[in-house]
Structure formats: structure tokens, C-alpha cells
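What follows is a short report on a single structure.
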Amino acid sequence: MAYDFDKIARDYDRMNHLMTLDLDRWWRRRAVRELSTFNFQLSTLDVACGTGDMAVELLKHGCRVTGVDLSEEMLSIARRKNASANFQLGNAEALPFADGEFDAVTCAFGVRNFVHLEQGLNDMLRVLKPGGRMVILELATPDNIIIKPFYNLYTKHIIPWLGKLVAGNREAYTYLPQSIERFPKGKDFLKTIQHSSSNILHSAERKLTFGVCRMYTVVKN
Ligand SMILES: C[S@@+](CC[C@H](N)C(=O)[O-])C[C@H]1O[C@@H](n2cnc3c(N)ncnc32)[C@H](O)[C@@H]1O
């Protein structure tokens, strides 16, 4: 069953910016740059859009934005933040859009929460135009043996403590590092992407901030 983000929507942005030391904004900006290198005025679908922070960045680059998410509470915050984007309730695993409807698809910190990961990836690629680009951001454990102990201390102890202090919810922020650890990263996630669809021309990974965040770029053929 999918994690219920309605429960943490109110404090989501504050916690996000605090626990990533505002790096989350930079990671989303970096992802949007990956799209805007090859086009402008893109019609873009942001999957698992949450409170709409990716939409903020996409709109700054002149994209037309549709956002979908399972959580009505997250969507209502996204709508307040981005009047010119279109946000709707929807499941990434059965998107309510036609084949090839979008020039670009983005998904920031969403795929880790899908119940059927390959199905979600397949549907995101289905609604992308041939030649279009999909950019996925996801958190990961770093590989560097010097960074790893600090990362473990921070994610397993400090983040759950911050979650209790700021959002009154230790449980949600204990689930976070656990779900990051369980999720495939790097070559393993690229393999999952390749398995999910036969319409992939190219896929690549870029490590951001010592690999704590990974950016996956996929081009549809
Ligand atoms: C960690 S938040 C990320 C939100 C936002 N993209 C961001 O950059 O902050 C994960 C979001 O994924 C949504 N989500 C999880 N599974 C989903 C699915 N199958 N379809 C659509 N949204 C989903 C949740 O409701 C939640 O808003």
C-alpha cells in the first residue's frame, strides 16, 4: 500500500528544506536544466508532484505544467503555490492521459513510493512523446565510505528526531531512510527502467551531492 502523504502534507515543505539544508531546491533546479537544454515551452507532466515545488521550477523555465499526485492534501498546497499549473488527482501507475501527450515528464522523490515501480515507469514513458525526455530524481545512500557514516548518523538519528520536533511525526521520518535504503540505485535502477519499457533510446544516471540524490535521465525512442 502507498504511504499516505495526506498525514504529513502540512509540514512537508518545511521538513524537506530543513533536512536537506535546502539542497532539494537545487536538485529540482538541476533536473529542470536537464530538460531545458533541448527545448523551451515544453508541455510537462510532473508525476507525484506533491506540494508543487518541481512545478515552481518548471514554470520559471517557461514550461506548461500538469501535476498529478495521489494525495489531495499535497495537491491543495501545490495549487495555492502555482496558480498557472494544472494539478489533478491521479495514480502514476495508471495515468489519466493519452499516449505521447507530453514533451517531458519529471518525477522528484516519487518513484520510491510507487507500489508497482515498473508499472509506474512504464506509464510515465507511455505518456511521453517519442524523442521526449523523462527526468527522475531520487534519494539514495552514498557509496563513498567517508561520507557514509555521517549520512547514516544523520538519516537514522537526526532526521527522525527533527521529524518529531518539527512535524510531531517520528514514524514518517524513520520510514524515510528505510525506504531509501531498500530502493534500487544507480545501475540497478537503470536496469529497472530498461525492463519497464521497450521504448527507451537512452538512460543515464548522474550523482548529485556525493550521490545522496540521483538524477536519472531517460530518452524515449
Ligand atoms: C516524497 S513526496 C515528493 C513530492 C514532490 N515531487 C517533491 O519534489 O517534493 C512523494 C509524493 O509521491 C506521491 N505518490 C506516491 N505514490 C504515488 C503514485 N502511485 N501516483 C501518484 N503520486 C504518488 C505522494 O502522494 C507524495 O506526494
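Counting starts at 1 for both ligands and their atoms, in listed order.
- Interface of N113 with ligand 1, defined as ligand atoms under 4.0 Å from a residue heavy atom, comprises 10 (C), 15 (C), 16 (N).
- At a threshold of 4.5 Å between side-chain heavy atoms, the hydrophobic network of Ile, Leu, Val, Met, Phe, Trp and Tyr places I136 and V105 in one connected group.
- Follow the hydrophobic side-chain contacts under 4.5 Å out from Y216 and you never reach L35; the two are in separate clusters.
- Where the criterion is an N or O separation shorter than 3.5 Å, residue side chain and backbone included, D46 fails it with respect to ligand 1.
- The side chain of F5, and not its backbone, has at least one atom closer than 4.0 Å to an atom of ligand 1 (non-hydrogen atoms only; side chain from C-beta on).
- Counting atoms of ligand 1 from 1 in the listed order, those under 4.0 Å from a heavy atom of S71 are 25 (O).
- Heavy atoms from other residues, nucleotides or ligands lying under 6.0 Å from NZ of K164 number 12 at most.
- Of the N or O atoms in M74, none lie within a sub-3.5 Å distance of an N or O in ligand 1.
- Among K148, R214, K187, the one residue that satisfies the salt bridge (Lys or Arg N to Asp or Glu O under 4.0 Å) test with D143 is R214.
- Which parts of ligand 1 touch G90 is read off a 4.0 Å heavy-atom cut-off, strictly below it: atoms 20 (N), 21 (C).
- Remark: the backbone N or O of N221 is not paired with any side-chain donor or acceptor of N199 at under 3.5 angstrom.
- The protein non-hydrogen atom at the shortest distance from atom 2 (S) of ligand 1 is Y12 OH, 3.4 Å.
- Counting atoms of ligand 1 from 1 in the listed order, those under 4.0 Å from a heavy atom of F109 are 1 (C), 2 (S), 3 (C), 8 (O), 10 (C).
- Atom CZ of F150 is surrounded by 12 or fewer heavy atoms from other residues, nucleotides or ligands within 6.0 Å.
- Of the heavy atoms in C107, none comes closer than 4.0 Å to ligand 1.
- Where the criterion is an N or O separation shorter than 3.5 Å, residue side chain and backbone included, F114 fails it with respect to ligand 1.
- You'll find the ring centres of Y151 and F210 outside the 6.0 Å limit.
- Residue R28 places at least one N or O, backbone or side chain, under 3.5 Å from an N or O of ligand 1.
- Few gaps surround NE2 on H17; more than 12 heavy atoms of other groups in view lie less than 6.0 Å from it.
- Aromatic ring orientation, F183 versus F189: tilted (interplanar angle from 30° to 60°).
- At least one N or O atom of N91, backbone or side chain, sits closer than 3.5 Å to an N or O atom of ligand 1.
- Scanning G120, A31, A48, G52 for the heavy atom closest to atom 12 (O) of ligand 1 points to A48.
- Within 6.0 Å of CZ on R10 lie no more than 12 heavy atoms contributed by other residues, nucleotides or ligands.
- Nearest to atom 16 (N) of ligand 1 by heavy atom, out of L75, L139, V68, L70, is L70.
- Closest to atom 11 (C) of ligand 1, if we only count protein heavy atoms, is D69 OD2, 3.7 Å.
- When the shell of 6.0 Å around CH2 of W26 is examined, it contains more than 12 heavy atoms from other residues, nucleotides or ligands.
- If you check which protein heavy atom lies closest to atom 20 (N) of ligand 1, you get A92 N, 2.8 Å.
- Looking at N16 against ligand 1, only its side chain comes within 4.0 Å, counting heavy atoms.
- Checked by distance only, ligand 1 and G110 stay at 3.5 Å or farther apart across all their nitrogen or oxygen atoms.
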